[in-house]
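As structure tokens, the structure follows; a few thoughts come after it.
A note on names: the letters A, B, ... follow the listed sequences, proteins ahead of strands, and every chain is numbered from 1.
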Amino acid sequence: MNKKTYLTTPIYYANASPHIGTAYTTIAGDVWQRFQLQHKKESFFLTGTDEHGLKIEKKAQDLKMKPQELVDKISAEFQYLWKKLEIANTHFIRTSDIKHQKIVQAVLDDFFQKGIIYKGKYEGLYCVGCEQFKNPSDLIEGKCPDHNIKPELVQEESYLLKMSEKQSELINKIKTDQLKIRPLKYKKEILSFLENQVLEDIAISRPQVKWGIPLPFDSQHTTYVWLDAFLSYLTGFGWKGPQDKKRGKEISSHFFHLIGKDILRVHATIWPIILMHLNLELPQKIFVHGHILSRGKKMSKSLGNVISLEEMLEKFNVEATRYLLLSAGSFGEDVDVTLERITEKYNADLANGLGNLVSRVISLNKNLKVSIPEKKELGNFQLFLEKKLRFDKALEEIWKIIEESNVYIEKNRPWELMKSNQKKYKKVMSILTSNLFLIADLIQPFMPQTALEIEKSLKNNQATILFPRIIK
RNA sequence: CGCGGGGUGGAGCAGUCUGGCAGCUCGGGUGGCUCAUAACCACCAGGUCGUGGGUUCAAAUCCCACCCCCGCAACCA
């Protein structure tokens with residue numbers, strides 16, 4: 001299983017800078033990817049930016065920029081920050097890439113010819129003040145929050161994508177795990193949604209939005225997010241278009257999508273149906289994670305509970321940030337985070353735990369040579385990390401070794417053996433250094449730099465402070 | 001009767017699918033150690049597992065009812 005993987009994060013909407021949530025998904029993907037590579041498995045890892053649509057058009061207008069300039073800037077921010085966070089993605093897709101746009105148009109043509117896309121009407125609540133359609137969930141007491149007026153029910157011409165004809169096939173694939181949705185509660189949730197209503201055909205074009213990919217068969221319309229963004233999962237891995245069946249099947253059958261719970265529904269309905277219409281395979285797995293909350297609530301500026309990436313990176317280093325995000329709670333559930341708790345965890349796990357053990361062992365190891373032990377595999381560790389995506393539990397397995405090592409030191413008192421029993425002292429130290437090599441190896445997908453530093457200090461027999469203790 | 005999740009020592013959580021002594025981390029207390037980043041180790045205190053009922057030799061776990069909190073309700077990670 002998992003001989004080959006095309007791993008994806010969602011593509012992030014390029015109307016604002018990266019935040020802690022996007023980093024969370026991307027770091028998780030990166031850890032998984034690094035584990036695959038470390039174990040000599042073939043895996044490709046895609047992330048990117050979603051760069052079209054009305055919101056970007058408007059924001060660019062406000063900033064007196066061209067939309068392309070805005071998305072260039074924001075996409076560059078994402079790429080810069082991912083690099084800083086040591087994200088080792090193999091591809092980065094931007095939906096404003098000309099190649100991508102051409103392929104989307106080819107798909108649009110293909111679907112239109114086959115009647116999968118047809119001309120119809122989109123009906124929605126239109127706010128005259130905003131000059132755009134509103135989502136019912138954006139409204140407060142039925143009114144537009146920006147203009148305090150009730151939007152009108154308006155119809156406009158739009159192209160629609162057929163959905164319901166594929167519905168029962170989709171239900172079946174999800175039920176039988178041919179399309180695996182994990183954790184199980186999300187599979188349950190989506191099945192309950194799919195079994196309780198007939199999917200409506202969805203609008204895939206808008207006549208009034210200029211910043212988008214024009215429909216090849218009707219230049220008055222640009223394509224709406226669905227086909228544009230979802231197809232990036234294929235184009236990002238080098239798919240050439242509807243004729244490129246071979247590559248399409250190769251990629252789609254090995255898809256592993258990592259997403260947040262907010263976009264589960266569209267990933268488990270619209271996206272697989274697009275793939276079916278293309279006669280491609282369905283993804284192997286969609287793994288859904290929860291959100292990062294702060295004091296039990298969504299982070300929001302008005303609540304003042306936002307923890308920014310910049311803040312974390314400044315207070316801790318990059319590697320600690322990666323560790324702290326992924327160890328904050330069960331991946332899959334919502335995770336509650338506050339700066340105080342995260343700092344406590346930093347001190348406990350990284351400074352007093354891992355960091356202290358490293359300097360402790362190395363300074364005990366005085367003049368002894370170290371030999372590099374053979375690699376060991378830990379069954380639970382691999383299960384948690386690779387299959388269950390329980391990064392928190394995988395890390396706990398590593399921390400058990402740290403704890404055992406501390407107990408072992410306490411029991412054997414190598415600082416005394418050093419003087420009284422050289423032979424035993426050497427043996428004890430060799431076990432301890434082996435443990436550290438093992439820890440470095442296991443920790444490598446999470447904190448690649450730290451892993452290297454541990455190995456380096458061991459080989460040079462030079463103690464370092466990996467994670468300075470933070471005093472409030 | 002829209003859908004789903006949650007309620008477990010002071011805090012944050014795991015455990016629930018597959019019933020079997022209530023566990024982890026942090027915080028608090030006592031003692032120990034002195035190799036280490038005022039770090040580390042041992043022990044202790046602290047829980048009617050939201051409420052009520054049911055099934056069972058046995059329920060945090062399964063079933064029923066109720067209370068409270070939180071998401072989602074077709075593009076916010």
Side-chain angles (χ1 to χ4, degrees), chain A residues 9-13 15-16 18-29 50 53 55 135-138 163 183-186 188-193 195-197 199-200 202-203 224-226 228-230 258-267 269-271 288-293 296-298 327-330 333-338 340-342 344-345 347-366 390 392-393 396 399-400 402-403 405-418 429 432 463-471:
Chain A
T9 72
I11 53 174
Y12 305 115
Y13 200 53
N15 70 336
H19 55 89
I20 206 166
T22 49
Y24 185 54
T25 316
T26 312
I27 292 168
D50 176 15
K55 278 185 192 168
N135 220 313
S137 56
D138 290 338
M163 293 287 286
L184 276 173
K185 66 174 179 182
Y186 293 113
K188 203 174 133 196
E189 185 179 332
I190 209 72
L191 280 174
S192 138
F193 170 74
E195 284 171 337
N196 281 312
Q197 63 221 280
L199 291 173
E200 283 173 32
I202 54 156
Y224 195 45
V225 64
W226 305 130
D228 187 4
F230 277 130
L258 208 54
I259 61 170
K261 65 177 186 177
D262 48 286
I263 49 173
L264 165 63
R265 187 169 290 182
V266 295
H267 273 77
T269 54
I270 298 172
W271 173 228
V288 185
H289 66 75
H291 287 174
I292 298 181
L293 308 178
K297 306 252 176 182
K298 266 190 185 176
S327 66
S330 314
E333 303 293 325
D334 285 352
V335 164
D336 197 87
V337 156
T338 65
E340 297 79 60
R341 236 182 281 131
I342 249 183
E344 268 174 18
K345 199 160 173 59
N347 278 335
D349 294 0
L350 295 176
N352 301 348
L354 178 59
N356 182 57
L357 180 69
V358 170
S359 43
R360 195 180 190 191
V361 169
I362 290 177
S363 68
L364 278 171
N365 202 43
K366 288 264 159 45
R390 284 295 298 270
D392 52 317
K393 290 222 174 196
E396 274 177 27
W399 258 255
K400 279 182 195 164
I402 295 177
E403 197 191 332
S405 302
N406 274 323
V407 173
Y408 184 76
I409 294 175
E410 216 68 40
K411 268 193 186 147
N412 288 286
R413 308 169 69 84
W415 58 91
E416 284 176 4
L417 293 177
M418 203 186 297
M429 288 319 297
L432 286 169
T464 46
I465 305 281
L466 290 172
F467 302 99
R469 194 180 157 78
I470 293 175
I471 301 142

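If you take CG of Leu258(A) and C1' of rA77(B), they are 10 Å apart, rounded to a whole angstrom. At whole-Å resolution of the value, CD1 in Ile465(A) and P in rU37(B) are 5 Å apart. One atom, CG of Asn406(A), and another, C1' of rU34(B), lie 14 Å apart when rounded to the nearest Å. One atom, CD of Glu396(A), and another, P of rC26(B), lie 11 Å apart when rounded to the nearest Å. Here the P atom of nucleotide rA73(B) and the CG atom of Asp262(A) are 9 Å apart, to the nearest Å. For Leu264(A) and rG71(B), the CG to C1' distance is 13 Å, given to the nearest whole Å. Put simply, CG on Leu293(A) is 13 Å from C1' on rC76(B), counting in whole angstrom units. One interatomic measurement links the two molecules: CG of Asn15(A) to C1' of rA77(B), which rounds to 13 Å at whole-angstrom precision.
Sequence order on RNA chain B of the closest nucleotides to Leu184(A) and Ile409(A) puts Leu184(A) first from the 5' end.
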A correct 5'-to-3' footprint of nucleotides 3-12 of chain B, with B, S and - meaning base, sugar-phosphate only and no protein heavy atom under 4.0 Å, is SSS------S

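For Thr25(A), the side-chain hydrogen bond (donor to acceptor under 3.5 Å, both in side chains) partners at least two apart in sequence or on another chain are His289(A). For Glu403(A), the side-chain hydrogen bond (donor to acceptor under 3.5 Å, both in side chains) criterion is met by no residue, not counting sequence neighbours. For Lys185(A), the salt bridge (charged side-chain N to carboxylate O under 4.0 Å, His left out) partners at least two apart in sequence or on another chain are Glu333(A).
rG2(B) sits 13 Å from rC66(B) when the P atoms are compared, rounded to a whole Å. Taking the P atom of each, rG15(B) and rU25(B) are spaced 16 Å apart, rounded to whole Å. The gap from the P atom of rG19(B) to that of rU56(B) amounts to 16 Å, rounded to the nearest Å. When the P atom is used for both rC64(B) and rC3(B), the distance is 15 Å, rounded to whole Å. One P atom belongs to rU37(B), the other to rG29(B), and the distance between them is 25 Å to the nearest Å. Rounded to a whole angstrom, the distance from the C1' atom of rG7(B) to that of rG52(B) is 16 Å. The separation of rA22(B) from rC26(B), taken at their P atoms, amounts to 23 Å, rounded to a whole angstrom. Comparing the same atom, P, in rG23(B) and in rA60(B) gives a spacing of 13 Å after rounding to whole Å.
Backbone-only engagement by Tyr12(A) is indicated by non-hydrogen atom pairs under 4.0 Å involving sugar-phosphate atoms exclusively. Contact annotation for Lys411(A): no contact, since no heavy-atom pair falls under 4.0 Å across all strands. Base engagement by Ile292(A) is indicated by at least one non-hydrogen atom pair under 4.0 Å involving a base atom. Leu199(A) comes within 4.0 angstrom of a nucleotide base, judged by non-hydrogen atoms across all strands. The residue Leu364(A) sits close to a base: some heavy atom pair falls under 4.0 Å. Counting any heavy atom pair closer than 4.0 Å across all strands shown, Gly21(A) reaches a base atom. Among the protein residues, Val225(A) comes within range of the nucleic acid bases, having at least one heavy atom under 4.0 Å from a base atom. As judged by a 4.0 angstrom heavy-atom cut-off over every strand, Leu466(A) is placed among the base-contacting residues. Residue contacts shown for Ser330(A) are limited to sugar-phosphate atoms, with no base heavy atom under 4.0 Å away. At a threshold of 4.0 angstrom between heavy atoms, the contacts of Trp399(A) with the nucleic acid are absent.
Counting only heavy atoms from C-beta outward, the side chains of Arg341(A) and Asp336(A) approach each other to under 4.5 Å. Side-chain contact between Val361(A) and Ser405(A): absent, with no pair of heavy atoms (C-beta onward) separated by less than 4.5 Å. Contact of the Leu357(A) side chain with the Ile409(A) side chain is registered, since non-hydrogen atoms from C-beta on lie closer than 4.5 Å. In this structure the side chain of Ile402(A) never reaches within 4.5 angstrom of the side chain of Asp349(A), judged on heavy atoms. Within the 4.5 Å cutoff, the side chain of Leu199(A) has heavy atoms near those of the Phe193(A) side chain.
The OG1 atom of Thr9(A) sits 12.0 Å away from atom CD1 of Ile27(A), with the distance rounded to the nearest 0.5 Å. Atom CG of residue Leu354(A) and atom CH2 of residue Trp399(A) lie 5.0 Å apart, to the nearest 0.5 angstrom. Taken from CG in Asn406(A) to CG in Leu432(A), the straight-line distance is 9.0 Å, to the nearest 0.5 Å.
Side-chain N/O atoms of Ser363(A) include none lying less than 4.0 angstrom from OP1 or OP2 on rC35(B). Look at Arg413(A) and you'll find a side-chain N or O under 4.0 angstrom from OP1 or OP2 of rU34(B). Taking only side-chain nitrogens and oxygens, Arg390(A) comes nearer than 4.0 Å to OP1 or OP2 of rG15(B). Considering only side-chain N and O atoms, His19(A) lies under 4.0 angstrom from the phosphate OP1 or OP2 of rA77(B). In this model, the phosphate group of rA39(B) is approached by a side-chain N or O of Arg469(A) to a distance below 4.0 Å at OP1 or OP2.
Between Asn356(A) and Arg469(A), the side chains place no donor N or O within less than 3.5 Å of an acceptor N or O (distance only, hydrogens not considered).
Here the nucleotide nearest the side chain of Asn356(A), chosen from rC35(B), rA77(B), rU37(B), is rU37(B). Listed nucleotides rU34(B), rA39(B), rU25(B) differ in distance to Glu416(A); the shortest reach to its side chain belongs to rU34(B).
The base of rC35(B) sits within donor-acceptor range of the side chain of Arg360(A), with an N or O pair under 3.5 Å.
For the pair Asn412(A) (side chain) and Tyr408(A) (backbone), a donor-acceptor distance under 3.5 Å is present. Of the possible donor and acceptor atoms, one in the side chain of Asn347(A) sits under 3.5 Å from a partner among the backbone N and O of Ile470(A).
Counting only Watson-Crick or G-U wobble pairs whose defining distances are both under 3.5 Å, the stems of 3 or more consecutive pairs in RNA chain B are B:2-7 with B:67-72, B:10-13 with B:23-26, B:28-32 with B:40-44, B:50-54 with B:62-66.
Contacts between residues 348-355 of chain A and RNA chain B, counted as heavy-atom distances below 4.0 Å, involve Ala348(A), Ala351(A), Asn352(A), Gly355(A).
Atom CD of Gln197(A) has more than 12 neighbouring heavy atoms from other residues, nucleotides or ligands inside a 6.0 Å radius.
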